[in-house]
K.L.:
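Just passing along the structure, written as structure tokens.
Below, read A as the first sequence line, B as the second, and so on, with proteins coming before strands; counting in each chain starts at 1.
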2 protein chains.
Amino acid sequence: MEIIIDIEDTEPLFSQLIKQIKQAVQNGSVSPGDALPSIRQMANDFGMNSKTVAKAYSLLERDSVIQTRGYRGTFIHPDARNNCTVDLNAWVLQELRNKIEAFKKAGVTDSEIRIGFSSAMNALNS
Amino acid sequence: MEIIIDIEDTEPLFSQLIKQIKQAVQNGSVSPGDALPSIRQMANDFGMNSKTVAKAYSLLERDSVIQTRGYRGTFIHPDARNNCTVDLNAWVLQELRNKIEAFKKAGVTDSEIRIGFSSAMNALNS
DNA sequence: ATATGTACCGTGTATACTATTGGTACAAGG
DNA sequence: CCTTGTACCAATAGTATACACGGTACATAT
């Protein structure tokens, strides 16, 4: 598995890491069950903070691309190859587009939509 | 109809204007069919820019609280009393809350939701 | 000429928000 | 003592955007 992190890139580091790992899974560079470097290991190798790697790992686990087994380390998920093609964000995007389109047809202003979105997010966080 | 605009208030001017007019309708200070001051008139009376008043008027017309008849001026909508209780923004808020709640249950991060929202808004504007 | 609402171009400012990153500490286990 | 993953709190910098404002122009009609 070959990973290249470009600090100059505008793309966030954790996002780069996710992409690279998913690519490695799809390339076949890594197989289900393979062990991944630990969070701190990975952080040292690329000069990143361990929190940044942890963020990437937690997102990858949510998507069932990897599996964390606590102190035993992190491994490629059995169904990694399928799961890393599923794009949760694309689903979110589509759903939101439909809603926003409906709002606009009703005459709602962009500003009002944005304000409503902010309110909704705040309401669900407190 | 008595209108009071407070520049010191943090609430936007156009928003204050909308509220006051809706209140006047509900109070009965104005009745359906009554004429409203013209945009420029209203702007002069309160020392506001005419664009600010125009914004308030256009939103009120969208909500069918007032009716603009071009060069003939602006009047209170026949169904103003009912329509000014309908809150379009509340509807938007509720719809978005439902969607966001569904996203969160699926494990989508707040950040990802926000990014998806931005993307959707941009996509529908270009 | 004057008045109506509306549309387009623009400017600036202040604010609020958020993503990213970092540091520290914890429980569980070898 | 070492590792594993994870949770908490904090600071920074950058972005985005809402808001108000200005000017000009148009078609319409008195």
K.L.:
Inspect the contact between K104(A) and E112(A) and indicate whether a charged nitrogen and a carboxylate oxygen are less than 4.0 angstrom apart.
P.N.:
no
K.L.:
Taking G107(A)'s backbone N and O only, do any of them form a donor-acceptor pair with R62(B)'s side chain (distance below 3.5 Å, no angle check)?
P.N.:
yes
K.L.:
Test your reading of the model: is there a side-chain donor-acceptor pair from D34(B) to the backbone of S31(B), 3.5 Å cut-off?
P.N.:
yes
K.L.:
Between F46(B) (CZ) and dC21(D) (C1'), how many Å, whole number?
P.N.:
18 Å
K.L.:
What is the separation between atom CE on M42(A) and atom P on dT4(D), rounded to the nearest whole Å?
P.N.:
12 Å
K.L.:
For a quick check of understanding: with a heavy-atom distance under 4.0 Å over all strands, which category does E61(A) fall into, base, sugar-phosphate or nothing?
P.N.:
sugar-phosphate
K.L.:
Donor-acceptor check, side chain of T85(A) to backbone of N82(A), threshold 3.5 angstrom: yes or no?
P.N.:
yes
K.L.:
Tell me the interatomic distance from E11(B), atom CD, to dT15(C), atom C1', rounded to whole angstroms.
P.N.:
17 Å
K.L.:
Using atom types as modelled, flag every donor-acceptor pair under 3.5 Å from a side chain in residues 48-60 of chain A to any protein atom, sequence neighbours excluded.
P.N.:
residue : atom : partner : partner atom : Å
N49(A)  : OD1  : K51(A)  : N            : 2.7
Y57(A)  : OH   : P37(A)  : O            : 2.8
S58(A)  : OG   : K55(A)  : O            : 3.0

K.L.:
Output yes when at least one side-chain N/O atom of K55(A) is less than 4.0 Å from OP1 or OP2 of dT21(C), else no.
P.N.:
no
K.L.:
Using only atom types and a distance under 3.5 Å, with no angle test, would you say the side chain of Q20(B) pairs donor to acceptor with the backbone of I4(B)?
P.N.:
yes
K.L.:
For the pair W91(A) and F103(B), name the ring-plane relationship: parallel under 30°, tilted 30 to 60°, perpendicular over 60°.
P.N.:
perpendicular
K.L.:
Count the heavy atoms belonging to other residues, nucleotides or ligands that lie under 6.0 Å from CD of E2(B), then report whether that count exceeds 12.
P.N.:
no
K.L.:
Does N49(A) place a side-chain N or O at less than 4.0 Å from the phosphate oxygens OP1/OP2 of dT20(C)?
P.N.:
no
K.L.:
Considering just the side-chain nitrogens and oxygens of R114(A), establish if one lies under 4.0 Å of OP1 or OP2 belonging to dA18(D).
P.N.:
yes
K.L.:
Treating Q16(A) as the side-chain partner and E11(A) as the backbone partner, does any N or O pair qualify as donor plus acceptor under 3.5 Å?
P.N.:
yes
K.L.:
L17(A) CG to dT21(C) C1': how many Å, rounded?
P.N.:
14 Å
K.L.:
I'd like a table of atom pairs between the protein and nucleotides 25-30 of chain D - only N or O on both sides, under 3.5 Å - with the distance next to each one.
P.N.:
residue : atom : partner : partner atom : Å
dA29(D) : O3'  : Y71(B)  : OH           : 3.3

K.L.:
Please report the distance, rounded to the nearest Å, between CZ in F117(B) and C1' in dT18(C).
P.N.:
14 Å
K.L.:
For T68(B) and dT6(C), is the shortest distance between a side-chain N/O and OP1 or OP2 below 4.0 Å?
P.N.:
yes
K.L.:
Select one nucleotide: of dG22(C), dA19(C), dA20(D), the one nearest the side-chain heavy atoms of S111(B).
P.N.:
dA19(C)
K.L.:
Any side-chain N or O of S58(A) less than 4.0 Å from the OP1 or OP2 oxygen of dG5(D)?
P.N.:
no
K.L.:
Backbone N or O of E8(B) within a donor-acceptor pair of the D6(B) side chain at under 3.5 Å?
P.N.:
yes
K.L.:
Show each protein N/O and nucleotides 7-12 of chain C N/O combination with a separation under 3.5 Å, one pair to a line.
P.N.:
residue : atom : partner : partner atom : Å
dC8(C)  : N4   : K51(B)  : NZ           : 2.9

K.L.:
Just to be sure I understand the rule, does T74(A) reach a base, reach only the sugar-phosphate, or reach nothing, if contact means heavy atoms closer than 4.0 Å?
P.N.:
sugar-phosphate
K.L.:
Is the phosphate of dA16(C) approached by S118(A) (side-chain N or O, under 4.0 Å from OP1 or OP2)?
P.N.:
no
K.L.:
Both A54(B) and M48(A) contact DNA chain C. Which one's nearest nucleotide lies toward the 5' end?
P.N.:
A54(B)
K.L.:
Provide, to the nearest angstrom, the distance between the CZ atom belonging to R62(B) and the P atom belonging to dG5(C).
P.N.:
19 Å
K.L.:
On DNA chain C, compare the nucleotides closest to I39(B) and F14(A); which residue's is nearer the 5' end?
P.N.:
I39(B)
K.L.:
From CD1 of I113(B) over to C1' of dT18(C), roughly how many Å is that when rounded to an integer?
P.N.:
14 Å
K.L.:
Closest to the S38(A) side chain: dT20(C), dT4(D), dG5(C)?
P.N.:
dT4(D)
K.L.:
Atom CG of D110(B) to atom P of dT20(C): distance rounded to whole Å?
P.N.:
13 Å
